Protein chains: 2
Amino acid sequence: MFSKSCEYAIRAVIYISSESKTGRKLSIQEIHEAIEAPEHFTAKILQILSRNRILSSQKGVHGGFYLDKIQGELKLIDIVEAIDGKTLFTGCGLGLKQCSETEPCPIHDKFKAIRNNLKKMLEETTIEELGKKLKNGKSVLKTLQE
Amino acid sequence: MFSKSCEYAIRAVIYISSESKTGRKLSIQEIHEAIEAPEHFTAKILQILSRNRILSSQKGVHGGFYLDKIQGELKLIDIVEAIDGKTLFTGCGLGLKQCSETEPCPIHDKFKAIRNNLKKMLEETTIEELGKKLKNGKSVLKTLQE
DNA sequence: TGCATTAAAGATATTTTTGTCCTTAATTGT
DNA sequence: ACAATTAAGGACAAAAATATCTTTAATGCA
């Protein structure tokens, strides 16, 4: 469904949100361990998210990644679009370039319904809500250690 | 959503179904042109579908691909599972290996709803139905020529 | 100022997916 | 039997996605 990059991105942002207290910034080290993703690849993805203003970063001692007030209120769809683009929500289910209402592919309508469902869910779900769920121990991002 | 291979597979099977008359067999040549997919890659995919009994084939003069009685009644999900596997319907939305009801990822329930929607649609949609729609000109698989 | 720390950026490597080509095997018609 | 045709299968190539490594730039602290 989502690319590996996008999965890591979502996991990272949720984790950052869950650890967000004013002023606290998380290092790549901490983030990649928390979400069990490859360190350097995680760094690349955080770079992209930062460029797309999905999150904020600061270099140097005591630097790291964090969400500012506005970023804390972003929705899942903002992350997905920043990493995987809008194709998932606009592209044809069978990969046809010319697929449209007037020249629909055989699964056009049925696929559109699914896609709209997915889009709606991603638009309605906030990062904050998922971060809290993680913080409360109601969900996990990595194997629980004994 | 689906891999390129899977998109080609679905397009190919729908086309074969749409041209299915008793005894008629379609060549790779005809199929790949009808669905605007690379010839040799299409051949590979048809091989896999044939091995998985999604369609039938015959070598030699007047050979080609066709759907037998039973295969004509298959559902979309049969093609998707043969090519992309069941991961789309069973895997975690965030790619976590250990995600489950007892250790759910943050989007577990919301994602499951979407996934079940998709699965239901694929289980309910028959190849035959899509083939007829194509045959009737109510849908297309390639750019219409003037 | 200089050093330690941390993210950004660029270069490279590996793996997977997608795509192509060539040889082999099966089938049919002559 | 033989030639023509068509799918099957194996080998190879190219492109894209994923992953790693190294250098550079920014920041804070002594």
Side-chain angles (χ1 to χ4, degrees), chain A residues 1-13 16 23-33 35-68 71 80 82-85 87-88 91 94-95, chain B residues 1-13 16 23-33 35-68 71 80 82-85 87-88 91 94-95:
Chain A
M1 184 78 80
F2 306 123
S3 69
K4 218 107 199 53
S5 295
C6 192
E7 291 174 357
Y8 293 152
I10 295 172
R11 281 149 63 181
V13 177
I16 295 170
R24 174 142 151 73
K25 302 192 185 82
L26 315 186
S27 68
I28 291 171
Q29 185 65 27
E30 173 177 354
I31 295 168
H32 101 262
E33 281 172 7
I35 67 173
E36 287 185 340
E39 176 171 356
H40 297 286
F41 197 53
T42 302
K44 287 293 179 204
I45 292 163
L46 291 172
Q47 265 177 45
I48 298 171
L49 291 173
S50 179
R51 267 189 237 120
N52 282 273
R53 319 251 176 220
I54 303 297
L55 45 72
S56 305
S57 68
Q58 190 176 34
K59 291 183 187 175
V61 181
H62 304 140
F65 297 89
Y66 61 99
L67 303 176
D68 68 21
Q71 291 161 342
V80 174
I83 303 294
D84 281 351
T87 313
L88 189 57
L94 298 184
Chain B
M1 184 78 80
F2 306 124
S3 69
K4 218 102 199 58
S5 296
C6 193
E7 291 175 356
Y8 293 152
I10 297 173
R11 279 150 62 179
V13 178
I16 294 170
R24 175 143 152 71
K25 303 193 184 80
L26 315 187
S27 67
I28 291 170
Q29 185 66 27
E30 174 177 353
I31 296 168
H32 100 260
E33 282 172 5
I35 67 174
E36 286 185 340
E39 177 171 357
H40 298 283
F41 197 53
T42 302
K44 287 292 179 205
I45 292 162
L46 292 173
Q47 266 177 45
I48 297 171
L49 292 173
S50 179
R51 266 189 239 121
N52 283 275
R53 319 252 176 219
I54 303 299
L55 44 72
S56 304
S57 67
Q58 191 175 33
K59 293 183 186 177
V61 180
H62 303 141
F65 297 89
Y66 61 100
L67 303 177
D68 68 21
Q71 291 161 344
V80 175
I83 303 293
D84 281 350
T87 313
L88 189 57
L94 298 185

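Since we're looking at a predicted model, the values are computed, not measured. To find a chain, count down the sequence lines: A is the first, B the second, and so on, and within it residues start at 1.
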message: Strictly distance-based, threshold 3.5 Å: is any side-chain N or O of A:N52 a donor or acceptor partner for the main-chain N or O of A:I48?
response: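 Side chain of A:N52 to backbone of A:I48, a donor-acceptor pair under 3.5 Å: yes, one is there.
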- prompt: Which part of the nucleic acid, if any, lies within reach of A:I83 when heavy atoms closer than 4.0 Å are counted: base, sugar-phosphate only, or nothing?
  reply: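 Result for A:I83 = nothing.
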query: Is A:L46 touching bases, backbone alone, or none of the nucleic acid, heavy atoms closer than 4.0 Å?
result: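 Answer is nothing: A:L46 stays at 4.0 Å or more from every strand.
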- prompt: In residues 48-58 of chain B, which ones come under 4.0 Å of DNA chain D, going by heavy atoms?
  reply: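 Result for residues 48-58 of chain B: B:S50, B:R51, B:S57, B:Q58, sorted by number.
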query: Among residues 61-68 of chain A, which residues get a heavy atom nearer than 4.0 Å to DNA chain D?
result: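 Output list: A:V61, A:H62.
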Kindly write out the residues that satisfy side-chain contact (heavy atoms from CB on, under 4.5 Å) with [X], not counting sequence neighbours, or none if the list is empty.
X     : answer
A:L88 : A:F2, A:L118, B:M1
B:Q29 : B:S27, B:H32, B:E33, B:E39
B:Q58 : B:K25
A:S5  : A:S3, A:F41, A:I45, A:I83

message: Walk along nucleotides 11-24 of chain C from 5' to 3' and tag each nucleotide B, S or - by protein heavy-atom contact under 4.0 Å, base first, then sugar-phosphate.
response: B------BBBB---
field: Counterpart residues, side-chain hydrogen bond (donor to acceptor under 3.5 Å, both in side chains), relative to B:S56 (two or more places apart)
entry: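 Here the qualifying residues are B:Q71.
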- request: Please identify each residue that fulfils side-chain hydrogen bond (donor to acceptor under 3.5 Å, both in side chains) with A:K4, with sequence neighbours left out.
  value: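 A:E7.
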field: Separation of B:L55 CG from B:I31 CD1 (nearest 0.5 Å)
entry: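 Here the interatomic distance stands at 7.5 Å.
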If you look at every heavy atom in [X] and [Y], which pair is closest and at what distance?
X     : Y     : result
A:Y8  : A:P38 : OH-CD, 3.5 Å
B:I16 : B:Y66 : CG2-CA, 3.9 Å
A:I10 : B:L94 : CG2-CD2, 3.5 Å

field: Axis deviation across the helix from C:dT1-D:dA30 to C:dT30-D:dA1, five-pair ends, to the nearest 10°
entry: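 One end's axis against the other's: 0°.
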query: chain A on DNA chain D: first and last contacting nucleotide, 5' to 3', under 4.0 Å to a heavy atom?
result: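 First-to-last contact on DNA chain D, by the 4.0 Å heavy-atom rule, is D:dT18 to D:dC29.
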query: Could you state the NE2-P distance from A:H32 to C:dT6, rounded to the nearest angstrom?
result: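 Distance check: A:H32 NE2 to C:dT6 P gives 14 Å.
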Results of salt bridge (Lys or Arg N to Asp or Glu O under 4.0 Å) for A:R53 - residues two or more places apart only: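 A:R53 satisfies salt bridge (Lys or Arg N to Asp or Glu O under 4.0 Å) with no other residue.
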